[in-house]
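For reference, the structure discussed in these notes is given below.
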Amino acid sequence: MSNRFRLGGDLDVNRLGFGAMRLPSKDGMGGPARNPENGRAVLRRAVALGVDHIDTAEFYFSAGGTVRANTLIREALHPYPAGLTIATKVGPVLGPDGISHGTAADLRGQVEANLESLGLDRLDLVYLRIGLMEPPHGESLAERFEALAALREEGLIRHLGVSNIDAAHLAEARAIAPVTAVQNQFHAARRGDADILAACEESGIAFVPFFPVGGGGEFEDARPAKVAARHGVTVPQIGLAWLLASSPVTLAIPGTGSVSHLEENMAAAAITLTEEDLADLA
Ligand SMILES: NC(=O)c1ccc[n+]([C@@H]2O[C@H](COP(=O)([O-])OP(=O)(O)OC[C@H]3O[C@@H](n4cnc5c(N)ncnc54)[C@H](OP(=O)(O)O)[C@@H]3O)[C@@H](O)[C@H]2O)c1
């Protein structure tokens, strides 16, 4: 299986990328701030190790907004190396009462905020994120996706994705504009979305799961630990190797604020799972 994938048919990326949510705070959105210099060092090391696909969002920031993922990315990597793909997400609105869902009218401002903070004229890939952790079944995304597609027509976005969606949402979006990538929760110990993965494989859409190492570097499942022991590697590494082996359209975006975890995660690309391993993980 190739270790590279063409996002949208033209953005050639390493299937093992990087998720930026943990750079401002280990807890993800709104948690205690991490050291920004360390975050910039993680980003530079990621690119040095071959990461050319970074997943981020304007709403990835620490408590009080003191450390922000997009700012770290710009400070560490701008002017961006040729071939670096930065994917971001729009939809959620973070207010004093927490996170809520924006409307179609919010999307232009959110896209412009990403362009500004990342220092770009056009965003490579923008996901419309419509759910929090789970898809909002039965809720239409049409009005919001049409608004995002119009921003793409304007030239502000190269490719569109959808996140926290079900198969009906994917079909609804694809009837409006081409969908390049889907981002849903999926990992070695949580394997729903077979219908979505099949649709992605059939159409060359990237499936880019969040929580690729279980959301915390461990899985509530003994199977990856057994295979990790056999290979003499760590459980997160087996989680990533499994994800990459599970389909040619899956891209991994493990998140970390630690250089040593980053190095460990990138080394997972060299792990070849055997038939026995895959059977044990099945
Ligand atoms: N679309 C959505 O709704 C959505 C939701 C969540 C996330 N995302 C995206 O998906 C990316 C990946 O998800 P995620 O970061 O939440 O989850 P993840 O990659 O599964 O796990 C990250 C967590 O695991 C730890 N970790 C990472 N590598 C490790 C290793 N080798 N050993 C031990 N612990 C390790 C990290 O801690 P340390 O930082 O201390 O290493 C962090 O707490 C995010 O960064 C974000 O870009 C999208």
Side-chain angles (χ1 to χ4, degrees), residues 16-35 38-39 41-43 45-46 49 51 53-62 67-70 72-73 85-92 94 99 101 114 125-136 161-166 169 181-190 193 196 206-221 224-225 228 233-244 250-269 271:
L16 189 44
F18 178 78
M21 188 179 83
R22 307 286 176 164
L23 293 174
S25 172
K26 182 168 172 68
D27 298 344
M29 295 180 280
R34 278 180 146 171
N35 179 338
N38 182 67
V42 170
L43 285 161
R45 184 76 181 127
L49 289 173
V51 165
H53 169 215
I54 296 176
D55 184 83
T56 187
E58 182 65 24
F59 46 83
Y60 291 166
F61 53 77
S62 63
V67 184
R68 310 182 73 93
N70 283 6
L72 293 177
I73 291 169
T85 291
I86 301 178
T88 189
K89 296 165 217 87
V90 293
L94 259 66
I99 193 163
H101 297 299
N114 277 280
L125 169 59
V126 178
Y127 295 90
L128 175 65
R129 182 181 141 167
I130 63 165
L132 288 179
M133 303 305 286
E134 302 292 337
V162 282
S163 177
N164 293 351
I165 51 101
D166 61 24
H169 293 126
V182 172
Q183 189 169 126
N184 273 12
Q185 188 179 167
F186 181 85
H187 53 68
R190 187 187 195 277
D193 284 355
I196 292 179
F207 187 66
V208 191
F210 65 86
F211 292 174
V213 297
E218 285 295 331
F219 300 101
E220 289 170 8
D221 187 315
V233 300
T234 66
V235 167
Q237 287 178 310
I238 291 300
L240 292 171
W242 176 82
L243 207 54
L244 294 174
T250 52
L251 309 188
I253 47 164
T256 180
S258 148
V259 169
S260 62
H261 284 166
L262 167 76
E263 290 172 345
E264 184 182 314
N265 294 343
M266 292 307 291
I271 299 170

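Counting convention: from 1, in listed order, for ligands and their atoms alike.
In this comparison of D55, V233, L132, the heavy atom closest to atom 47 (O) of ligand 1 sits on D55. Of the candidates R34, R22, E263, it is R34 that places a heavy atom closest to atom 40 (O) of ligand 1. For atom 46 (C) of ligand 1, the choice among F210, Y60, F211 with the nearest heavy atom turns out to be Y60. Taking each of K26, Q183, R129, Q185 in turn, the one with a heavy atom nearest to atom 3 (O) of ligand 1 proves to be R129.
Using a 4.5 Å cut-off on side-chain heavy atoms (C-beta onward), R34 and V67 make no contact. Inter-residue side-chain proximity for P254 and R22 is flagged as unmet; no heavy-atom pair is nearer than 4.5 Å. When side chains are defined from C-beta on, I238 counts as touching V233, because their heavy atoms get closer than 4.5 Å. Inter-residue side-chain proximity for L16 and N265 is flagged as unmet; no heavy-atom pair is nearer than 4.5 Å. Using a 4.5 Å heavy-atom cutoff, the side chains of S163 and V208 are not in contact. A heavy-atom distance below 4.5 Å is found between the side chains of L43 and I54. Between M266 and F18 the shortest side-chain heavy-atom distance does not fall below 4.5 Å.
The nearest protein atom to atom 24 (O) of ligand 1, hydrogens excluded, is given as G217 N, 3.1 Å; this is a heavy-atom distance. Atom 36 (C) of ligand 1 has its closest protein heavy atom at G255 O, 3.6 Å. The single protein non-hydrogen atom nearest to atom 18 (P) of ligand 1 is V213 CG2, 3.6 Å, given as residue, atom name and distance. Of the protein's non-hydrogen atoms, the one nearest atom 35 (C) of ligand 1 is H261 ND1, 3.6 Å. Of all protein heavy atoms, the one closest to atom 44 (C) of ligand 1 is M21 CB, 3.6 Å.
The side chain of N164, and not its backbone, has at least one atom closer than 4.0 Å to an atom of ligand 1 (non-hydrogen atoms only; side chain from C-beta on). Heavy atoms of P212 found under 4.0 angstrom from ligand 1 belong to the backbone as well as the side chain. With a 4.0 Å heavy-atom cut-off, ligand 1 is reached by the backbone of A20 but not by any atom from C-beta on. With a 4.0 Å cut-off on non-hydrogen atoms, H187 does not touch ligand 1 at all. Proximity of N265 to ligand 1, defined as any heavy-atom pair under 4.0 Å, is confined to the side chain (atoms from C-beta onward).
Polar contact check, T56 against ligand 1: no nitrogen or oxygen pair lies under 3.5 Å apart. Remark: ligand 1 and I253 share no N or O pair separated by less than 3.5 Å (distance only, no angle test). Polar contact with ligand 1: absent for P209 (N/O pair, distance under 3.5 Å). Checking only distances, P254 never comes within under 3.5 Å of ligand 1, N or O to N or O.
Heavy atoms only, all atoms of each residue included: V235 and A228 are closest at N-CB, 3.9 Å.
Counting only residues at least two apart or in different chains, side-chain hydrogen bond (donor to acceptor under 3.5 Å, both in side chains) contacts with residues 253-262 comprise S258-S260.
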Next on the checklist: Working note: D55 + F210, criterion side-chain contact (heavy atoms from CB on, under 4.5 Å); need CA distance, chi angles, decisive distance, verdict.
Outcome noted: CA-CA 10 Å; D55 184 83; F210 65 86; over 6 Å; no
Checklist entry - R190 and D221: salt bridge (Lys or Arg N to Asp or Glu O under 4.0 Å), yes or no, with the steps? => result CA-CA 9 Å; R190 187 187 195 277; D221 187 315; over 6 Å; no
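Near G214, the atoms of ligand 1 lying under 4.0 angstrom from a non-hydrogen atom of the residue are 20 (O). Taking a cut-off of under 4.0 Å to the non-hydrogen atoms of P236, the atoms of ligand 1 that pass are 30 (C), 31 (N), 32 (N). Interface of E264 with ligand 1, defined as ligand atoms under 4.0 Å from a residue heavy atom, comprises 30 (C), 31 (N), 32 (N).
Every residue was checked against the side-chain hydrogen bond (donor to acceptor under 3.5 Å, both in side chains) condition with H187, not counting sequence neighbours, and none meets it.
The main-chain N or O of I165 is found under 3.5 Å from a side-chain atom of N184 such that the two form a donor-acceptor pair.
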